[in-house]
Amino acid sequence: HEYDAWKMITCVFDQPNSVIKFYINGIGVSNATRTSALTTNTSRFFVGANSTASSRELNGHIAVLQFFNSVLNDNEIQKLFSSYKGRYGI
């Protein structure tokens, strides 16, 4: 993917199946299996930064950040991308 262009990056955690899915611009690019349970804690949550390595911070802007309380399917992610792409010249 080219630099200096808006991209919609989506990550979905399907907890019942222990699968994490990654999408770029509404297209699935990778899956990973989570082998350990998620735990609840009071640690800070970072977006665009690494809490232990400042050299790995995002060099750009985050235009939109959304969290959903349900697992989005492929069709929902594609529709979400379609709703944003005109706004960002895609």
Roughly how far, to the nearest 0.5 Å, is CG of Asn31 from CG of Asn17?
11.0 Å
Within one Ile-Leu-Val-Met-Phe-Trp-Tyr cluster: Ile24 and Phe13, side-chain cutoff 4.5 Å
yes
What distance separates Met8 CE from Ser83 OG, expressed to the nearest 0.5 Å?
7.5 Å
Taking it one step at a time, do Leu80 and Phe68 satisfy side chain to side chain contact (heavy atoms under 4.5 Å, CB included)?
CA-CA 12 Å; Leu80 190 60; Phe68 296 88; 4.1 Å; yes
Do the non-hydrogen side-chain atoms of Ser18 and Thr35 ever get within less than 4.5 Å of each other?
no
Rounded to the nearest 0.5 Å, how far does CG of Asp74 lie from CD1 of Ile27?
11.0 Å
Closest non-hydrogen atom pair, Asn73 against Asn75
OD1-N, 3.0 Å
For the atom pair NZ (Lys7) and CZ (Phe81), what is the distance rounded to the nearest 0.5 Å?
10.5 Å
Measuring only between side-chain heavy atoms, which start at C-beta, is Val12 closer than 4.5 Å to Tyr23?
yes
Kindly work out whether a path of hydrophobic side-chain contacts (I/L/V/M/F/W/Y, heavy atoms less than 4.5 Å apart) joins Leu65 to Leu58.
yes
Do you know which two heavy atoms are closest between Cys11 and Ile20, and how far apart they sit?
SG-CG2, 3.5 Å
Using modelled atom types and a 3.5 Å cut-off, is there a donor and acceptor pairing between side-chain atoms of Asn41 and backbone atoms of Ser43?
yes
Applying a strict under-4.5 Å side-chain criterion to I, L, V, M, F, W and Y, I'd like to know whether Phe67 and Ile62 cluster together.
yes
How many angstroms lie between NZ in Lys21 and OG1 in Thr10, if you round to the nearest 0.5 Å?
12.5 Å
Nearest heavy-atom neighbours spanning Phe22 and Ala32
CE1-CB, 4.5 Å
Count the heavy atoms of every other residue, nucleotide or ligand shown that sit under 6.0 Å from CD of Glu57, and state whether that count exceeds 12.
yes
Please verify the inter-ring angle class for Tyr88 with Trp6; under 30° counts as parallel, over 60° as perpendicular, anything in between as tilted.
parallel
If I take atom CD from residue Gln78 and atom CG from residue Asn25, how far apart are they, to the nearest 0.5 angstrom?
9.0 Å
So, for Ile77 and Gly26, which heavy atoms are closest and what is the spacing to 0.1 Å?
CG2-CA, 3.9 Å
